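What follows is a short report on a single structure.
These numbers were taken from a predicted model, which means no experiment stands behind them.
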Amino acid sequence: METFNHTVTEFILVGFTQDPVIQLELFVLFLMVYSVTVVGNITLIVLICTDSRLHTPMYYFIGNLSFLDLWYSTVYTPKIMVTCISEDKSISFAGCASQFFFSGGLAYTECYLLAAMAYDRYMAISKPLLYAQVMTQRVCVGLVAASYLGAFVICGIFTYETFTMTFCGDNVIDDFFCDLPPLVKLACDVKANYHTFLYFVLASNVLTPIMFILASYLFIIVSILKIRSTQGQLKAFSTCSSHLISVTLYFGSILYIYYRPKSSYSLEQDKIVSLFYTVVFPMLNPMIYSLRNKDVKEALRKLLKMTASIG
């Protein structure tokens with residue numbers, strides 16, 4: 001069995017700045033963001049699990065998205081905070097490979113999960129009479145399981161192909177996590193078929209879900225236009241608005257990083273955009289799915305009232 005082929009034992013994560021004052025400020029900022037992310041996502045999961053009105057396919061997917069975002073943020077943020085306040089900016093070779101594997105697997109899982117949520121909205125709006133028959137608990141569980149399985153199998157192969165390259169030069173990663181572009185820059189024996197495999201991974205895990213989501217919303221729009229009353233159209237569209245916001249923010253940032261022309265490449269801009277979909281987006285999702293959702297807000301009021309009565 002082939003083992004990882006490398007001449008470096010660790011990588012150095014440059015992060016955002018070398019200024020100790022700014023690093024401390026960033027530590028406080030990331031701590032606040034991570035705290036809000038953990039509290040927000042756990043609260044949403046608890047509400048969905050405890051309130052019977054939220055035991056529907058749509059909220060089942062939202063709950064799984066919150067669990068995914070909680071895990072996703074944990075892959076990045078604690079290490080970022082440690083890098084901000086510690087003089088040791090290193091990450092071991094195995095640690096870098098693990099972060100690469102889990103970050104990619106979770107990112108691709110979220111792509112598939114957002115596509116599954118688009119299918120759920122399509123069935124609810126375009127096929128309402130068949131919705132209960134099609135979107136059964138077994139189907140919902142199967143879609144979530146398939147999202148994780150497909151993403152992590154492909155990412156496992158991708159991680160193996162990436163970290164069996166020889167990193168014979170500089171071990172400094174000018175980023176805050178072990179991302180693909182800086183790792184490829186450090187490799188000195190990039191295989192001829194590696195970029196082909198890279199395009200396959202990105203196409204199957206990012207572009208394919210995007211095309212599926214676009215197709216789903218095309219049918220949804222057609223169905224909404226068939227509704228005669230304006231109020232009915234607005235009500236149908238409102239059930240999709242939160243998902244559309246998530247899709248736009250998440251896929252927009254990924255496409256900006258990996259699919260824009262090389263001539264517009266900017267390392268500092270990439271750091272900011274990467275920070276958005278790795279750290280900020282998991283914090284925003286609970287807000288996106290709860291602030292405009294009456295059922296979630298009512299469940300939260302019920303939980304707070306129950307907590308207050310117990311206290």
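- Ring-plane geometry between Tyr250 and Phe281 is classed as tilted, the angle between the planes lying from 30 to 60 degrees on a 0 to 90 degree scale.
- Using a 4.5 Å heavy-atom threshold, the side chains of Val33 and Val279 count as touching.
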Checking side-chain contact (heavy atoms from CB on, under 4.5 Å) for the pair Ser66/Asn285: CA distance, chi angles, key distance, verdict? CA-CA 7 Å; Ser66 287; Asn285 255 343; 5.9 Å; no
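- Note: Phe158 and Phe101 fail the aromatic proximity criterion, with ring centroids not under 6.0 Å apart.
- No continuous path of hydrophobic side-chain contacts links Ile213 to Leu218 [ILVMFWY only; heavy atoms under 4.5 Å].
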Would Ile91 and Glu10 satisfy side-chain contact (heavy atoms from CB on, under 4.5 Å), going step by step from the backbone distance to the final call? CA-CA 6 Å; Ile91 182 171; Glu10 64 179 16; over 6 Å; no
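- Aromatic pair Tyr108/Phe152: ring centres not closer than 6.0 Å.
- Qualifying salt bridge (charged side-chain N to carboxylate O under 4.0 Å, His left out) partners for Asp51, counting only residues two or more places apart in sequence or in other chains: Arg53.
- When side chains are defined from C-beta on, Leu207 counts as touching Leu255, because their heavy atoms get closer than 4.5 Å.
- Sorted by first and then second residue, the disulfide bond (SG atoms under 2.5 Å apart) pairs involving residues 87-119 (not counting sequence neighbours) are Cys96-Cys178.
- Residue Met58 is grouped with residue Val134 when hydrophobic side chains (ILVMFWY) are merged at heavy-atom distances under 4.5 angstrom, including chains of intermediate members.
- By the salt bridge (charged side-chain N to carboxylate O under 4.0 Å, His left out) test, Arg301 pairs with Glu298, sequence neighbours left out.
- Between Thr248 and Leu244 the shortest heavy-atom distance is OG1-O, 2.8 Å.
- With no hydrogens or angles considered, a side-chain donor-acceptor pair links Tyr34 and Thr74 at under 3.5 Å.
- Ser147 and Leu113 get closest at one heavy-atom pair: OG-N, 3.8 Å.
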Could you go through the ring pair (Phe, Tyr, Trp, His ring centres under 6.0 Å) check for Phe177 and Phe100 one step at a time? CA-CA 8 Å; Phe177 71 107; Phe100 185 89; 9.1 Å; no
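- Both Tyr76 and Ile42 are assigned to one and the same hydrophobic cluster, defined by single-linkage of ILVMFWY side chains at heavy-atom distances under 4.5 Å.
- Applying the 6.0 Å contact sphere to OH of Tyr194 captures more than 12 heavy atoms from other residues, nucleotides or ligands.
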For side-chain hydrogen bond (donor to acceptor under 3.5 Å, both in side chains), just list the numbers for Tyr112 and Asn205, CA-CA rounded to whole Å, side-chain angles, deciding distance to a tenth of an Å, and then say yes or no. CA-CA 7 Å; Tyr112 289 133; Asn205 291 281; 3.0 Å; yes
Please step through side-chain contact (heavy atoms from CB on, under 4.5 Å) for the pair Glu110 and Phe251, ending with a clear verdict. CA-CA 10 Å; Glu110 186 143 348; Phe251 283 107; over 6 Å; no
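- Here the side chains of Met287 and Val36 are in contact, with some heavy-atom distance below 4.5 Å.
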